[in-house]
Protein chains: 2
Amino acid sequence: MPKETFFNLPSEKRERFMAAALDEFALHDYRSASVSRIVATLGIAKGSVYQYFEGKQELYAYLVASAAAEKFAFIDASVGDEASGFFERFTSTVFHGARFDFTEPRLASILYNVTYEPGAETLSISARLKAASLEYLDGLVRSGIRSGDLRGDIDVGYVAFALYQLSASLRDYLSERFGFSFKAAVQAGSGSPIRDEDLHEVLRELVALLRGGLADTSSSTSRPTTSPV
Amino acid sequence: MPKETFFNLPSEKRERFMAAALDEFALHDYRSASVSRIVATLGIAKGSVYQYFEGKQELYAYLVASAAAEKFAFIDASVGDEASGFFERFTSTVFHGARFDFTEPRLASILYNVTYEPGAETLSISARLKAASLEYLDGLVRSGIRSGDLRGDIDVGYVAFALYQLSASLRDYLSERFGFSFKAAVQAGSGSPIRDEDLHEVLRELVALLRGGLADTSSSTSRPTTSPV
DNA sequence: GACTAATATGACCAAAGGGTCACATGACTC
DNA sequence: GAGTCATGTGACCCTTTGGTCATATTAGTC
């Protein structure tokens, strides 16, 4: 939805602009992100921004849409069609999603931030994104039930929601556990991909929880009421 | 950490101030919350706020601490000691936590907002709160393993984190599913408690997921690769 | 070189923010 | 009533924000 002027720009200039804008919104939430700061970084006049976009909101919407399109394309291309079972497909989707996040911390941060935008101005943008993710998971769960991978008595709506939360929050867990700072990565401009083994180890935990739950079903005594000294 | 002046205030005035400040921070995130708006609502001079608190940050920290103390006290008093198993204790904690949220939407919203504060200014405040919750869940999981309720091979750190995410996000799910708007409730000044049965129904889903997972273990064929026409 | 249309510019605006401070007010003591 | 000390006040300061617009520059065409 940028103005025509933006697309008429020499691609080098357009990309320089996008890079600066993505940086700004990756490092700050919507309200804190500053158009003035973007133009200061680029050394261009503020008026130029308003030749490209109607305003801050439109700029933001465009950045979010770009980031989302890139991430979805990456996941689609990576997951492929061979993974057929529910848990395999889910694992693969989350795995490649996380790989994308660590490789493209700038885009990932924007998509992460938008999830938690509280303001009314950004509501439609964030709601659309969340709805798309939930819809995908909803379909995945339904087909998992149909194929017999999942129990038939689960509440599809709630389970899709839980999967959404657990996969979205993975970023927090991974960055804490492996000491990865997305903010620092954005500032450094470099994505240092996480080790696949580390990622798989965490995903194994997540999928084990989702697959079989936490309850101990092995032992003979269901729960020893007193310590067996 | 408010100044002495604040505690010297006639309790009526102090409570009026607290009410207005809680409203403001329940309805807006830290940056968007406005000291000017609080004093305008109360009809007092802006200087007064700075007689009570060092600044906006200290005010915010105090409000968050107050809300957290009240919620924890409520949960502690409600859960009691009779619930002994892991899933019973977890359910009871989440249940009463949710009851608190719907009864005190103002305090609940502040505690919810602080979780997603992105700014550096509020980092220590939100980190402390999150750490306290994780520590509690960590202990709960450990004792669950010790008592034999939980499998011994789970990753305690990750499971505590997952429990944290699932219980924290319950608010979103409940408010969407039952059409409850926390914002509207704060503005109306009234908490309309959710029906206990509705809450229990959702908690049953959550605990079923946590207890036994999603995999269908009943059938003879683990997964029919082709549809059985 | 002249005309035209697209693009770039940055001084400027109004609004809002947190915070300050010299002063006013009130209450209590002697 | 005078003196004192805690409290209240609001005009004011500085900064920053998103956004505007008259003007300047550039590029392309004849």
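Just so we're on the same page: letters track the sequence lines, and every chain starts at 1.
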Q. Taking the inter-plane angle between the rings of A:Tyr60 and A:Tyr30 on a 0 to 90° scale, is it parallel (under 30°), tilted (30 to 60°) or perpendicular (over 60°)?
A. tilted
Give the ring-plane orientation class for A:Phe17 versus A:Phe6, where under 30° counts as parallel, over 60° as perpendicular and anything between as tilted. perpendicular
Given protein heavy atoms under 4.0 Å, the one-letter contact record of nucleotides 17-26 of chain C, with B base, S sugar-phosphate only and - none, is simply SBBBB-----
- request: Could you check B:Lys130 against B:Thr115 for side chain to side chain donor-acceptor pair (under 3.5 Å), going step by step and ending with a plain yes or no?
  value: CA-CA 7 Å; B:Lys130 186 174 176 180; B:Thr115 311; over 6 Å; no
query = Any chance the rings of A:Tyr112 and A:Phe182 have centres within less than 6.0 Å?
reply = no
Rounded to the nearest 0.5 Å, what's the gap from [atom1] on [X] to [atom2] on [Y]? Could you check?
X        : Y        : atom1 : atom2 : value
B:Arg16  : B:Leu42  : CZ    : CG    : 5.0 Å
A:Leu163 : A:Phe161 : CG    : CZ    : 11.0 Å
A:Asn8   : A:Tyr52  : CG    : OH    : 10.5 Å

message: Can you tell whether the side chains of A:Arg31 and A:Glu121 come within less than 4.0 Å, N to carboxylate O?
response: yes
Subject >> Under-4.0 Å side-chain N/O to phosphate OP1/OP2 contact, A:Asn8 with C:dT7 >> reply: yes
Nt span of DNA chain D in reach of chain A heavy atoms at under 4.0 Å, 5' end first, is D:dT17 to D:dC21
Which is true for A:Lys3 with a 4.0 Å heavy-atom rule: it touches a base, it touches only sugar-phosphate, or it touches nothing? nothing
With heavy atoms under 4.0 Å as the rule, sort B:Tyr52 into base, sugar-phosphate or nothing.
sugar-phosphate
Here the distance between atom C1' of C:dA8 and atom CZ of A:Phe53, to the nearest Å, is 16 Å
